[in-house]
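One structure is given below, encoded as structure tokens.
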2 protein chains.
Amino acid sequence: MNFNYYLPVNVVFGCGKVKEAGEIAKKYGKKALIVTGRSSAKKSGLYDRVNDSLKAAGMESALFDKVAQNPLTTTAEEGAEFAKENGCDVVIAIGGGSIMDCAKAIAFLSVNEGDINDYIFNRKQSDQALPLILIPTTCGTGSEGNGFAVLTNPENGDKKSLRCNAIIAKASIVDPECMMTMPKKVLASVGFDALCHSMEAYTSKISQPFTDALALYAMERIADSLVDLYNGSEDMEKWESITIASTIGGMVINQAGVTLAHGMEHPASGLKDIVHGNGLAALTPVIVEASWKGNEAKFARISKILGGSSAADCAAQIRSLLEKIDLAVTLSDLGLAEEDVPWMAENCMKVSAASVANNPVVFTQEEIAEIYRKAM
Amino acid sequence: MNFNYYLPVNVVFGCGKVKEAGEIAKKYGKKALIVTGRSSAKKSGLYDRVNDSLKAAGMESALFDKVAQNPLTTTAEEGAEFAKENGCDVVIAIGGGSIMDCAKAIAFLSVNEGDINDYIFNRKQSDQALPLILIPTTCGTGSEGNGFAVLTNPENGDKKSLRCNAIIAKASIVDPECMMTMPKKVLASVGFDALCHSMEAYTSKISQPFTDALALYAMERIADSLVDLYNGSEDMEKWESITIASTIGGMVINQAGVTLAHGMEHPASGLKDIVHGNGLAALTPVIVEASWKGNEAKFARISKILGGSSAADCAAQIRSLLEKIDLAVTLSDLGLAEEDVPWMAENCMKVSAASVANNPVVFTQEEIAEIYRKAM
């Protein structure tokens, strides 16, 4: 067993912690670029609370509110131009995974020249970026816990992540209260994404003791909270559970990577702009059915956490969970069709080579195409 | 639930990783101060292997080999003078907890002026130190995973830790092969210390999700390996288990602290220079008997990991483990006597105030004196 473990995340966790944003951010700069989506951070009042906190700490700010789901490399480029024009020296994201990922790419492009696709495909490297403060408003992506930013290239549909330690947040303000305004449908989708992060990191061929320990803990927390919260529970401990489990999910994939479900979902959502967690819901049970024999001990442990008894019934346990959160969907339900399979299978080998290799069973392009068909 | 989690450890783990010391160290400096004990790193050949690796990487080195068990503040001062005289710009420790802790203090004093006791008792602060590379040769202290350095003041016997992020290693080279030359008696003592770190962090009043997740994992690993290794097993997976569990033990106490066993052991070994793990072995069962009602759920989980069934039998499980590794000792066996109790109880309140406060049941000085008597 050989591994490296280095993940200098700085998690500031607790209800109401958002009000410390200004005091935290002023350690890193004088003028913040605040990155949000088009409306929800304004509607919920969170944008105002963060901005007031910055003002109280003597900081200036500029707002970039153009980030949409499955953020584009071109939006990040536009944001970086905006940050430079406005003289921003720190980037603060308020939002879900799309917004945090776009903010990371903006922080990166603000100090690095050239085409971002060169950095995404490792043709160029840099360990510099503007300092980042991340404030997640969904408990799924875990972007606040890692150095990944998933972006889609609008020219060719490639959805792939920029990965470097420079885009690990200087501080992630993880406030369970920020999650409580999520619509039920969003909670189901992001909560399942969080579960997938820990399941995939735990079964990844490059898993290691630190990621195993954290992933096991996070899966237990999600198993204990997601369905109840979906059914309307307001139990604060359960909100804390799913929130910290989501951040942990982001951390474990930074070290252990994701496996085939994420690897196969990226081509699907790169092609059709579908909701990431829904794509995972369509693919994961089919992939686990095809993969559990690759690591029976670990799939058995997951199955037990979800209420099952053995590796062989792990996929069934996942399906049962998905039914309870009304997320038992197929790729056809999400707008994909048989004729999309060849492109997706080919694109998967291109953008997700590492995830394909991390899976407990390594499949060929033809086998991956067959899994897409079974998930239709 | 509110907490911060920030621990930028950089663990390089694996058999034979020691040979990468030079390549790793040269990122941080040109001339290394190598800190060792009087003889064992030389006898085992490890000093030569590290030094050869430094030479191959084009680095110079100077050797400071004067560190003894329970290192003194005065030895650290002497080491820092030696580092300055020799123009060293990076510090490499090869050894157990005493040596790593002394090296941390040397790295700290090499760039900070004044009396180290002022920093230990928080009358002064600094976030600067020479970069540190730690190579543990025992699996107990976990010093390679945290920003603590426990030192003893020879003037008054105070044994207390310097704590700051500047003395977290830039890289910890954790090589299970380095552990395999430990004498059986040392393995028992340091392995129990490692278990105590995780038990104490897990039951600490300032435990948090990250420390819980890691401590649970580490306790399982130790329960699964320590007795077999003590009995002569050469199973490499078990050596890897106890080695990583020890590093994790160091990490979790950085965030969650230790509790009463460590808090009460420091006065004992500060007074009589006893082996730290042996002092813990004498104290822990008595303290757990007095403390388990303070957190029944967590002591029950520990008990189950050790083969028991409930919080009430946790102390018995620990005693049973200690018998299996021939470490069922009393404070009297270690050379302490009834007349030492008043000084130890008073000193415990002075040097271990935080550990006393972290314990699931908070005891008065009189109650702590009574626990010392029961452990005689």
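Predicted model, so just to flag it, every value in this text is computed and none were measured. All chains are named by letter (A, B, ...) in the order of the sequence lines, taking the proteins before the strands, and each is independently numbered beginning at 1.
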- Check A:Pro8 against B:Pro8 and note the closest heavy-atom contact, atom names and distance. CB-CB, 3.9 Å

Between chain A and chain B, which donor-acceptor atom pairs come closer than 3.5 Å, counting both backbone and side-chain atoms?
unit_1   : atom_1 : unit_2   : atom_2 : d
B:Met1   : N      : A:Glu240 : OE2    : 3.1
B:Phe3   : N      : A:Phe13  : O      : 3.0
B:Phe3   : O      : A:Phe13  : N      : 2.8
B:Tyr5   : N      : A:Val11  : O      : 2.9
B:Tyr5   : O      : A:Val11  : N      : 2.9
B:Val11  : N      : A:Tyr5   : O      : 2.8
B:Val11  : O      : A:Tyr5   : N      : 2.8
B:Phe13  : N      : A:Phe3   : O      : 2.8
B:Phe13  : O      : A:Phe3   : N      : 3.0
B:Glu240 : OE2    : A:Met1   : N      : 3.0

- Task: To the nearest 0.5 angstrom, please state how far the CZ atom of A:Phe210 sits from the CZ atom of B:Phe210.
- Result: 13.5 Å

- Task: Name the member of A:Leu214, A:Ile248, A:Val9, A:Val12 that forms the most heavy-atom pairs with chain B at distances under 4.5 Å.
- Result: A:Val9

- Item | Residues in side-chain contact (heavy atoms from CB on, under 4.5 Å) contact with B:Ala201, at least two apart in sequence or another chain | B:Val252, B:Ile253, B:Ala256

- Would you mind checking which part of A:Met251 comes under 4.5 Å of any heavy atom in chain B, side chain (CB onward), backbone (N, CA, C, O), both or neither? side chain

- Item | Heavy-atom pairs under 4.5 Å with chain A, option from B:Gly14, B:Ala171, B:Pro176 with the top count | B:Gly14

